[in-house]
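Comments concern the structure below.
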Amino acid sequence: MSSNVIVEVRNLHKVYPSGTHALKGVSLNVYEGEFLVVIGLSGSGKTTLLKCINRLEEPTAGTVKFLGKDITHIKGKELREVRTHIGMVFQQFNLIKRMNVLSNVLAGKLGYMKTLPSIMGNFPPQCIQEAMKNLDIVGIKEYAYERADKLSGGQQQRVAIARSLMQSPKLLLADEPVASLDPATSNSIMQYFEKVNKELGVTVVCNLHFLSLVRRYATRVIALKSGEIVFEGLPHEIDEAWFKKIYGEEAEEVEIR
Amino acid sequence: MLDPELEIHPKEKILRKRKNQEKINLIKAILLDIFFVFYAILVLQRAIYYKVILDLRELPFSWAEVILILIISAAIGIIWGYSRTSLGTRIMGLGKETKSARLISEIFAWTLFNLTFIAGWLVTKISLIDLFSKEGIEGANRIFHALFTPEFGIFDDALFAIIETIYLALIATLLSIPPTLILSFLTARNLMKDHWYTFMIYYALRIILNFVRSIEPLIWAIIFSVWVGIGPYAGMIALLVHTIAANAKLYSEAIESIEEGPVDAIEATGANKLQVIWYAVVPQIVLPFLSFTIYRWDINVRMATVIGLVGGGGIGTMLMQYQGLAQWHEVGLIVIMIAFVVWIMDYISAKIRESIY
């Protein structure tokens, strides 16, 4: 395993204004080039952890370092600059429904653009070429001029991946990217993440529900339970006992192919 | 080992905050109770005792009496509020969850409602005798007969006046769009809550807009007909002012109810605030905005008619003139034309709104 640390999280706490203590002293490293999967029940703090890394949420205590730089409390321009290097893909795809696919992908470049030209929609030709190339990578180039909400769920998620690739990210965060897709589509989406990880060399941190997907794609696994890390290791090390510990005694593994 | 930042545990901080909130709510509840009791005593005394039991024509009034009642109700309100069985504490969600506490507050609420209904009945001077008296029926007959035999001699004038009204409403609606847009973003909580200074702007603008909106267009028309002179211009500004205030609220509510997902997604790309608004917020609100604006044009045509009554120009001014002269056949024609135009506008605006979705 490569030893270059890309994200360093130390003793991270997050308390929401409602009083929910979502993260209770989480510490972890993300190494360059790995495919790290975070598992755990809904409400175990997975999403909060990801959002603290690209600072969509501000941690209550502890530190987050990205490429050696402390980003726990940075603001404004400095924060936006860091965010341009971190792509994010969501469970609900979060595309701009009324815009076409190409515009949605181009939105990934906003962090690199000046305000006025980006609002006028004046993207330079090389940006558009790059967008088409990224659409080609996820295999939906022919839909470039369709409205985003006309596409199926799986296709929308591929647009979201292409959008994050526009950032030329060093790190890609994926928050339960296949949780609202059917099994077959889930698998194909995960293959795109694998492609991004292996061929483009982008480090991936991905929240997942299904263990079969974890075993297939993860290079390393972390399990969260009510805001604390309860397991850290290789995918094949999660056996029946660990599974029950992470998901509770009642749980039974569901196969997904 | 905890970070020093966690020494004052955030959870405790939040608990403390909640306790403070509860104290403030209890004060609010007691103020409500004092008001309710005060209101109940006042209505009992003035509407029921003076009017019904003593049957007085002129009601006696003295400040000393009112202040005495206020002191009595303050005492009752405070004691009742602290016992947590009052209506105020129930409304603020602080009431005791026992059956008797619930019953007491419910009975009091019913009593308040019935008192209000009786007082309202007396104030409105409802009288079936007036409605069905011989002279009354004759008068109604005269007016209805005239309204249904309209005088077509003034058709040309009325046509021009009603066209003036439609244009007046259209211009007021169009001119309202740019200021409404700007104001709606500045009064959307989800966009303004992040910094204390934007939140101050948000708060100040909300108060001003609420104030402007609470003044009816009719009253704005009176103000502007003094300011810029009687005529369509005064009517237009009156509508404009009210449209901005009313639509800014609707628009900002549309902004507040957008999906947060796309906002997160665009923020995550490193986009700045303006880019986030343009890419993640604007596309979600274009349709509701268009729909509100078209509907508002429709409303404004109807309002422009009413505004005309106080000198805002158009068909309303004409209606007022003929009504003043008691020329009911002419009034009849104008009423028919207004009804026709309003119906057409209503139909068109509904069709346009359907088709853009």
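Letters A, B, ... mirror the listed sequences (proteins, then strands); counts begin at 1. When reading the values below, keep in mind they use all heavy atoms of this one structure, side chains included, and skip hydrogens, waters and symmetry mates. It should be emphasised that the depicted structure is a prediction, and the values quoted were computed from it without experimental measurement.
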Paired with Glu256(B), the salt bridge (Lys or Arg N to Asp or Glu O under 4.0 Å) test is passed by just one of Arg189(B), Arg206(B), Lys193(B), namely Arg206(B)
Max heavy-atom pairs within cutoff under 4.5 Å with chain B, candidates Met166(A), Arg98(A), Arg163(A), Glu81(A), goes to Arg98(A)
The interface call for Gln284(B) against chain A, heavy-atom contacts under 4.5 Å, is neither
Under 4.5 Å to a heavy atom of chain B? For Arg55(A) that would be neither
Is Leu56(A) close to Met88(A) at the side-chain level, that is, under 4.5 Å between some pair of heavy atoms?
yes
Applying a strict 4.5 Å limit to non-hydrogen atoms, the region of Gln92(A) in contact with chain B is neither
Cut-off 4.5 Å, heavy atoms of chain B, and the answer for Leu95(A) is backbone
TODO: Take Lys51(A) and Glu260(B) through the salt bridge (charged side-chain N to carboxylate O under 4.0 Å, His left out) test and state the conclusion after the steps.
DONE: CA-CA 14 Å; Lys51(A) 285 189 165 179; Glu260(B) 286 292 322; over 6 Å; no
For Tyr82(B), I'd like to know if atom OH has over 12 heavy atoms of other residues, nucleotides or ligands within 6.0 Å.
no
- Task: For the residue pair Asn300(B) and Thr243(B), confirm or rule out a side-chain donor-acceptor distance under 3.5 Å.
- Result: yes
Within residues 100-122 of chain A, the residues sitting under 4.5 Å from chain B by heavy atom, in sequence order, are Ala107(A), Gly108(A), Leu110(A), Gly111(A), Met113(A), Lys114(A), Thr115(A), Ser118(A), Ile119(A), Gly121(A)
Heaviest contributor of heavy-atom pairs below 4.5 Å to chain A, chosen from Val282(B), Thr269(B), Asn272(B), is Thr269(B)
- prompt: Does atom NZ of Lys195(A) have more than 12 heavy-atom neighbours from other groups under 6.0 Å away?
  reply: yes
With a cut-off of 6.0 Å (strictly less than), are more than 12 heavy atoms of other residues, nucleotides or ligands near OH of Tyr143(A)?
no
Between Asp33(B) and Thr89(B) the two heavy atoms that sit nearest each other are OD2-N, 4.0 Å
Sub-6.0 Å ring centroid separation between Phe289(B) and Phe292(B): no
Cut-off 4.5 Å, heavy atoms of chain B, and the answer for Lys97(A) is side chain
Residue set satisfying ring-ring contact (aromatic ring centres under 6.0 Å, His included) with Tyr279(B), at least two apart, ordered chain then number -> none
When the 4.5 angstrom heavy-atom criterion is applied to Leu274(B) and chain A, the contacting part is both
